[in-house]
Amino acid sequence: MELTELTAVQLVEGYRTGAFDPVEATRAALARAAEIQPAVGAFVRLTADEALRRARESAERWRRGEPAGPVDGVPVTVKDLLLMRGFPTLRGSRTVDPGGPWTEDAPSVARLRESGAVFLGKTTTPEYGWKAVTDSPLSGVTRNPHDPARTAGGSSGGSAAAVALGAGPVSLGTDGGGSVRIPAAFCGVFGLKPTYGRVPLYPASAFGTLAHVGPLTRDAADAALLMDVIAVPDARDWSALGPAPGSFRAGLAGGVRGLRVAYSPSFGGQVAVRPAVASAVRHAVEGLARLGAYVEEADPDLADPVESFHTLWFSGAARLVQRFGPHQRELLDPGLAEICGLGARRSALDYLAAVDARVDLGRRMGRFHESYDLLVTPTLPLTAFEAGREVPKGSGLGRWTGWTPFTYPFNLTQQPAASVPVGTDPDGLPVGLQLVAARHRDDLVLRAAHALYEAGVAPG
């Protein structure tokens, strides 16, 4: 097996046994990144010199038998919304001055740095992460690794494409309305949105407490490995949770036997799901039942909260550009400029009404999880569509939220949710299944996902 095909767990084991070293793995990942970039456009920049320097330092630590942490020497990519010391974080925007100074790491990046991770580069995002596909005025269109004519999804599209194509086994993404899970589903990788605050975020997102930091990886075991490193409190995030109750990796082996699983194929008929997607997800749900879970079809009490989400999302966008001058506003993605205008017209009372609706949605989901350990849905009702578009051609939809009805509700409720690849449609495009648990039960999401990988239901 090629080094670029190995998971982070496998790489670390190879370093431990001396089968290969971090320099070899990093060279292979950098070569792969350079190879895929012209067709896919997953990167804003590669940081090859820095990566090789860190890889050589890691190799020396492994030779001494003194790794700095659980991911020492693992090639990692970072979405270009997260600060990485020494390199610009341009956020997909021509409004950001690349001159910096760039002297801080985001909390998750800092924890990876302390653990010896090797940073390959920064991955693409739509401007300020505003939409669920990845194209921007700064870096153009990021394309799907399974069909470059299709979108990779977003807003962590560069991260998902990089992982899918072997340019590093793990990546840091962000998720404000599905931005980890959507590209994970479209690209056929694993993506976890942890409980809000489990992974600290600094600087705070313009989209407030909708925004989460989470890993995109080859499988659930790699996500758990990364979570053990990045789910650590940071004083710069006033809303961060305290220390995790235990190791996420240690909790993977419990399986799903005896878990109560609610399967909601369409949110009670509210969502039109394409047949190939519905079939793949149903087959995977049957796999959970064969593994010993108690599965029944049940829908959460969840009227579509899109208007409340839009009020919070659009208001955040408006606040983001509030201090921009006319020249900066002219540089914006037209779609972003449009929602900023909509957000500026929301009143404080509109915003507080959306908060009230969010609180009530959280209450209803909390009650739902008194009866069910996990909720299973499709991640998305469709597979990847034409690249360079916010919505599928001919869909009649106005905004990206029209085709992501399964993801953004769980940013409102702040629950842990993950997308697991469970098959493909007739065009060979990946299908994702979403696992959702009650707040603070990230361990259950990872455990169930790992069981699907171990059973071969999710391709590893």
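No donor-acceptor distance shorter than 3.5 angstrom exists from the side chain of Ser58 to the backbone of Gly116, with no hydrogens or angles considered. Side chain of Asn411 to backbone of Leu210: a donor-acceptor contact under 3.5 angstrom is found. Side chain of Thr379 to main chain of Arg181: no donor-acceptor pair is present (N/O by atom type, distance under 3.5 Å, no hydrogens or angles). Not one N or O on the side chain of Asp135 forms a donor-acceptor pair closer than 3.5 Å with the backbone of Gly140. Judged purely by atom type and a 3.5 angstrom limit, Thr134 uses its side chain to pair as donor or acceptor with the backbone of Gly157. Using a distance-only test at 3.5 Å, with no hydrogens or angles considered, a donor-acceptor pair links the side chain of Ser171 to the main chain of Thr77. Side-chain N or O atoms of Thr424 include none that pairs as donor or acceptor with a backbone N or O of Leu429 at under 3.5 Å. Judged by distance alone, the side chain of Thr142 and the main-chain N or O of Gly41 form a donor-acceptor pair under 3.5 Å. The backbone N or O of Leu120 sits less than 3.5 Å from a side-chain atom of Thr47, completing a donor-acceptor pair. A donor-acceptor pair under 3.5 Å is absent between the side-chain atoms of Glu66 and the main chain of Arg61, judged by distance alone.
Counting non-hydrogen atoms of neighbouring residues, nucleotides and ligands closer than 6.0 angstrom, the CD atom of Glu370 exceeds 12 such neighbours. Heavy atoms of other residues, nucleotides or ligands lying less than 6.0 angstrom from CG of Asp49 number 12 at most. Annotation: Arg64, atom CZ; neighbour count of heavy atoms from other residues, nucleotides and ligands within 6.0 Å is above 12. For Phe324, the CZ atom sits in a packed shell: over 12 heavy atoms of surrounding residues, nucleotides or ligands are nearer than 6.0 Å.
Pairs engaging residues 37-67 under the ring pair (Phe, Tyr, Trp, His ring centres under 6.0 Å) rule: Tyr15-Trp62 [sequence neighbours left out]. Residue pairs meeting the salt bridge (charged side-chain N to carboxylate O under 4.0 Å, His left out) criterion with at least one member in residues 145-168, sequence neighbours excluded: Asp147-Arg150, Arg150-Asp427. Applying the salt bridge (charged side-chain N to carboxylate O under 4.0 Å, His left out) rule to pairs touching residues 184-206 yields nothing, sequence neighbours excluded. Residue pairs meeting the ring pair (Phe, Tyr, Trp, His ring centres under 6.0 Å) criterion with at least one member in residues 83-122, sequence neighbours excluded, do not occur. Residues in residues 198-254 take part in these ring pair (Phe, Tyr, Trp, His ring centres under 6.0 Å) pairs, two or more places apart or across chains: Tyr196-His212, Phe207-Trp313. Applying the side-chain hydrogen bond (donor to acceptor under 3.5 Å, both in side chains) definition to pairs two or more places apart or across chains, those involving residues 220-233 are Asp228-Ser247. Applying the side-chain hydrogen bond (donor to acceptor under 3.5 Å, both in side chains) rule to pairs touching residues 249-262 yields Arg260-Asp373, sequence neighbours excluded.
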Worksheet item: Taking it one step at a time, do Tyr372 and Val261 satisfy side chain to side chain contact (heavy atoms under 4.5 Å, CB included)?
Response: CA-CA 6 Å; Tyr372 299 102; Val261 176; over 6 Å; no

Item to complete: Would you check, one step at a time, whether the test side chain to side chain contact (heavy atoms under 4.5 Å, CB included) holds for Phe309 with Leu412?
Response: CA-CA 7 Å; Phe309 181 83; Leu412 289 166; 4.2 Å; yes

Discussion item. Working note: Val76 + Val118, criterion side chain to side chain contact (heavy atoms under 4.5 Å, CB included); need CA distance, chi angles, decisive distance, verdict.
Written reply: CA-CA 6 Å; Val76 176; Val118 172; over 6 Å; no

Practice prompt. Give the intermediate values and the outcome of side chain to side chain donor-acceptor pair (under 3.5 Å) for residues Asp425 and Thr383.
Written response: CA-CA 8 Å; Asp425 72 2; Thr383 51; 2.7 Å; yes

Fill in: Audit row: Lys131, Ser179, side chain to side chain donor-acceptor pair (under 3.5 Å) steps and yes/no
CA-CA 8 Å; Lys131 60 183 175 180; Ser179 289; over 6 Å; no

Discussion item. Is there a side chain to side chain contact (heavy atoms under 4.5 Å, CB included) between Thr95 and Tyr128? Walk through the geometry before answering.
Written reply: CA-CA 10 Å; Thr95 67; Tyr128 294 104; 2.7 Å; yes

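Legend: residues meeting salt bridge (Lys or Arg N to Asp or Glu O under 4.0 Å) with Asp21, ordered by chain and number and at least two apart, are absent. Glu104 is linked by a salt bridge (Lys or Arg N to Asp or Glu O under 4.0 Å) to Arg236, counting only residues two or more places apart in sequence or in another chain. Legend: residues meeting salt bridge (Lys or Arg N to Asp or Glu O under 4.0 Å) with Asp105, ordered by chain and number and at least two apart, are Arg85, Arg113. Residues meeting the salt bridge (Lys or Arg N to Asp or Glu O under 4.0 Å) test with Arg56, sequence neighbours left out: none.
Rounded to the nearest 0.5 angstrom, Gln37 CD and Leu165 CG are separated by 11.0 Å. With rounding to the nearest 0.5 angstrom, the CE atom of Met227 is 11.0 Å from the OG1 atom of Thr217. Distance check: Leu241 CG to Gln414 CD gives 9.0 Å after rounding to the nearest 0.5 Å. Atom-to-atom distance recorded for Lys122:NZ and Leu81:CG is 8.5 Å, nearest 0.5 angstrom. In this structure, Glu13 CD and Leu6 CG are separated by 11.5 Å, a value rounded to the nearest 0.5 Å. Here the straight-line distance linking atom CG of Leu320 with atom CZ of Arg91 works out to 9.0 Å at 0.5 Å rounding.
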For residues 279-291, which side-chain donor-acceptor pairs fall under 3.5 Å, sequence neighbours excluded?
| from | atom 1 | to | atom 2 | distance (Å) |
| --- | --- | --- | --- | --- |
| Arg282 | NH1 | Glu297 | OE2 | 3.3 |
| Arg282 | NH2 | Glu297 | OE2 | 3.1 |

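With salt bridges taken as basic N to acidic carboxylate O contacts below 4.0 Å, one links Arg45 and Asp80. Using a 4.0 Å cut-off between charged side-chain N and carboxylate O, Arg27 and Glu24 make no salt bridge.
When every heavy atom of Asn144 is checked against every heavy atom of Thr151, the shortest pair comes out as ND2-O, 3.0 Å. Closest non-hydrogen pair, Pro378 versus Val277, comes out as CB-CG1, 4.1 Å. Considering every non-hydrogen atom in both Leu82 and Thr89, the closest pair reads O-OG1, 3.4 Å. The two atoms that bring Leu216 and Ala160 nearest to each other are CD2-CB, 3.8 Å, heavy atoms only.
Ring-centre distance between Phe186 and Trp403: below the 6.0 Å cut-off.
Between Thr413 and Gln415, the side chains place a donor N or O and an acceptor N or O closer than 3.5 Å (distance only, hydrogens not considered). Side chain to side chain, Ser139 and Ser136 meet the donor-acceptor criterion of an N or O pair below 3.5 Å. Between Ser159 and Thr123, the side chains place a donor N or O and an acceptor N or O closer than 3.5 Å (distance only, hydrogens not considered). Inspection of the Thr377 and Gln434 side chains reveals an N or O donor paired with an N or O acceptor under 3.5 Å.
The shortest distance between side-chain heavy atoms of Pro145 and Cys187 falls below 4.5 Å. Within the 4.5 Å cutoff, side-chain heavy atoms of Glu390 are placed close to those of Trp130.
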